[in-house]
Amino acid sequence: MIASLRIDHPVAQDTAPWHPTARRRRLRACHECDLLVALPPLRPHQRASCPRCGHTLSHRHARPAQRSLALAITALIALVAALSFPFIRFEARGVSNAIQLTDTAISLVDFHEPFVGILVLLTVVVLPVFYLLSVIWLQIGLLRRRPLPRSRRIARALVQLSPWMMADVFVIGALVSLIKIAGMASVDLGLSFWSFCAFALLLLWTSRSLDIDWMWFSLAGEPPAPEHCRLGEPAAAQGVTGCPTCGLVNRLSHFGRGRCARCGERLRFRNAHSLQRTWALLLAAVILYIPANLYPIMTTTSLGSETPSTIIGGVLIFLSHGDWPIALIIFTASVVVPIGKIMAMAWLCIVVRRRGQLSYRHKRLKLYRITEFIGRWSMIDVFVVAILVSLVHAGSLLAITPGPAALAFASVVVITMLAAITFDARLIWDTRDVQPHMPAALKRQSPYSPVKEADDV
């Protein structure tokens, strides 16, 4: 089979044929279907995609270092402004209150919800700041043509941080919160709110502007790939694998393990116990989702009268006030997405070993991509609780406190995201009996069995 790597351009598409015997440079094993291909030279604004599953292997940008550096610095300036001024101010029944961005996490800790408060602070402020500083550190080194110290470790961390930055989700949660309290108080948006909206947009642009393939090539070059690799065939069948961090193709040991020669990442034939871990995480999510819906996620106190509100109860309140778009957003993010993600991942774990037509595998992979993308948006309800708790606290006159369901639901969101990360999408394309090539005496040490880390290299 001759691999035909797809090159996408904003204006036109081209198909570049490659000889089955690969050159020893610019080889890539698709992270989602394990097909081995060779990257052609790419011009700015071109993207190379896997010819079998369509996964993006590389995306070139014009002036990638300057672009990412400028966006990261601008995003940090916007975040500093968001942290320096009042975020939201409200006034009700002669009582007024103004909060800053960090108060959304601090208030949860004060109400004995430290896990939820720390999660909000990490996903909204801490991890984005670390991400932006890392981008600035890396790009300055690349512009100087001398990478700064620990650049490789920092570059490895960038790939792991992306799913956990939720500034854009927080903005949607803030808008939902404003609509929820608009009927009980007058709300004034501070300069911090608009600065944070700009920050969320700039953070998204920064993450999309990173050219990971170019960045690693500039940081550490590209060591030659293993010999005798055949393009258009699965990498696992040839005893090699692509590094999930930097993309370099590496030879694996008899145990189906190794280390990347460029970034030092631990490599495996397939993610160890991928299905078992995914099943365990899904079961934990199902167990936690029960109290997340049975117990109140927050309690509203008005003139001394307490009114607990569950997730479904909050949706019904929005419907009773005619705010059906907000009710639809909350219902989708808090009910449809978690349940749908659990069911979709469970179905993938069941059918992943079944041999099927190529079209079935494409549909399964598309379902996996959707579930991986939408999982983080369930955090909207958690952010709504964080904002309302910090904003509305006027004693027995008017106050909102977090309920026990907040911790359970936040745990469900985190666990389902981990389940999607743990699931190895390459299993969708594997045959039932796929195994790394190893001597018969070592067959018992399969890639799905525990092997001591000392045997990795």
Side-chain angles (χ1 to χ4, degrees), residues 5 22-42 46-50 53 55-61 64-65 67-69 72 130-131 133-143 145-164 206-227 229 231 234-236 238-253 256-272 421 424-426 456-457:
L5 193 65
R23 299 179 303 173
R24 295 185 61 196
R25 289 188 181 274
R26 308 296 290 154
L27 265 61
R28 293 292 179 269
C30 179
H31 298 323
E32 294 190 349
C33 74
D34 205 35
L35 188 71
L36 191 65
V37 295
L39 288 180
L42 294 175
Q46 284 188 327
R47 180 180 60 216
S49 304
C50 175
C53 70
H55 174 66
T56 299
L57 302 174
S58 180
H59 190 185
R60 278 293 174 274
H61 296 289
R67 176 191 178 99
S68 299
L69 180 62
F130 180 79
Y131 184 89
L133 290 176
S134 300
V135 170
I136 293 172
W137 183 268
L138 291 172
Q139 305 307 331
I140 288 177
L142 295 180
L143 288 174
R145 300 187 182 276
R146 272 189 311 178
L148 298 175
R150 300 188 181 275
S151 289
R152 296 192 192 187
R153 290 188 180 183
I154 293 174
R156 285 175 57 184
L158 289 182
V159 179
Q160 312 298 331
L161 288 179
S162 296
W164 303 100
T206 302
S207 62
R208 291 180 176 268
S209 70
L210 278 183
D211 189 340
I212 299 297
D213 181 73
W214 175 87
M215 183 179 69
W216 274 105
F217 184 83
S218 302
L219 281 174
E222 179 137 357
E227 296 181 349
C229 291
L231 295 179
Q238 306 176 54
V240 299
T241 190
C243 176
T245 299
C246 71
L248 185 71
V249 174
N250 294 263
R251 179 74 63 184
L252 296 176
S253 69
R257 298 185 177 211
R259 281 187 181 273
C260 179
R262 181 160 63 176
C263 69
E265 187 74 43
R266 293 184 185 274
L267 303 177
R268 299 177 184 270
F269 169 80
R270 291 291 180 267
N271 293 345
I421 294 172
D424 195 335
R426 295 173 296 181
D456 285 355
V457 292

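When reading the values below, keep in mind they use all heavy atoms of this one structure, side chains included, and skip hydrogens, waters and symmetry mates.
Applying the side chain to side chain contact (heavy atoms under 4.5 Å, CB included) rule to Ile140 yields the partners Leu69, Ile136, Arg144, Leu148; only residues at least two apart in sequence or on another chain are considered. For Asp213, the salt bridge (Lys or Arg N to Asp or Glu O under 4.0 Å) criterion is met by Arg26, Arg28, Arg60, not counting sequence neighbours. With sequence neighbours excluded, no residue forms a salt bridge (Lys or Arg N to Asp or Glu O under 4.0 Å) with Arg67. Partners of Arg152 by salt bridge (Lys or Arg N to Asp or Glu O under 4.0 Å), not counting sequence neighbours: none found. With sequence neighbours excluded, no residue forms a salt bridge (Lys or Arg N to Asp or Glu O under 4.0 Å) with Arg150. Every side-chain hydrogen bond (donor to acceptor under 3.5 Å, both in side chains) that Ser209 has, sequence neighbours left out, goes to Ser68.
Of all non-hydrogen atoms in Asn250 and Ala261, the two that sit nearest each other are OD1-N, 2.9 Å. Here the closest heavy-atom approach between residue Cys53 and residue Glu32 is recorded as SG-CB, 4.2 Å. The minimum heavy-atom distance linking Glu227 with Arg251 is given by the pair O-NH2, 3.0 Å. When all heavy atoms of His31 and Pro244 are compared, the pair lying nearest together is CE1-CA, 3.7 Å. Closest non-hydrogen pair, Gly242 versus Ala29, comes out as N-CB, 3.6 Å. The minimum heavy-atom distance linking Leu219 with Ala155 is given by the pair CD1-CB, 3.9 Å.
The CZ atom of Arg146 sits 12.0 Å away from the OG atom of Ser151 when rounded to the nearest 0.5 Å. To the nearest 0.5 Å, atom CD of residue Glu265 and atom SG of residue Cys243 are 5.5 Å apart. One finds the CG atom of Asp424 at 9.5 Å from the CZ atom of Phe269 (value rounded to the nearest 0.5 Å). Put simply, OG on Ser134 and CG on Leu210 are 10.0 Å apart, with the number rounded to the nearest 0.5 Å. Of the inter-residue distances, the one linking His59 atom NE2 with Ser49 atom OG reads 9.0 Å to the nearest 0.5 angstrom. Atom SG of Cys229 sits about 5.5 Å away from atom CD of Gln238, to the nearest 0.5 Å.
Remark: side-chain polar atoms of Trp214 are not paired, donor with acceptor, to backbone N or O of Ser58 under 3.5 angstrom. Remark: side-chain polar atoms of Asp34 are paired, donor with acceptor, to backbone N or O of Ala236 under 3.5 angstrom. Formation of a donor-acceptor pair under 3.5 Å by the His61 side chain with backbone atoms of Arg208 is found in this model.
For the pair Leu138 and Leu158, the minimum side-chain heavy-atom distance is below 4.5 Å. Put simply, the side chain of Arg257 does not reach to within 4.5 Å of the side chain of Arg266, judged on heavy atoms. Side-chain contact between Thr245 and Cys260: absent, with no pair of heavy atoms (C-beta onward) separated by less than 4.5 Å. At least one side-chain heavy atom of Pro223 sits under 4.5 Å from a side-chain heavy atom of Leu248. Between Arg426 and Thr241, some side-chain heavy-atom pair lies under the 4.5 Å cut-off.
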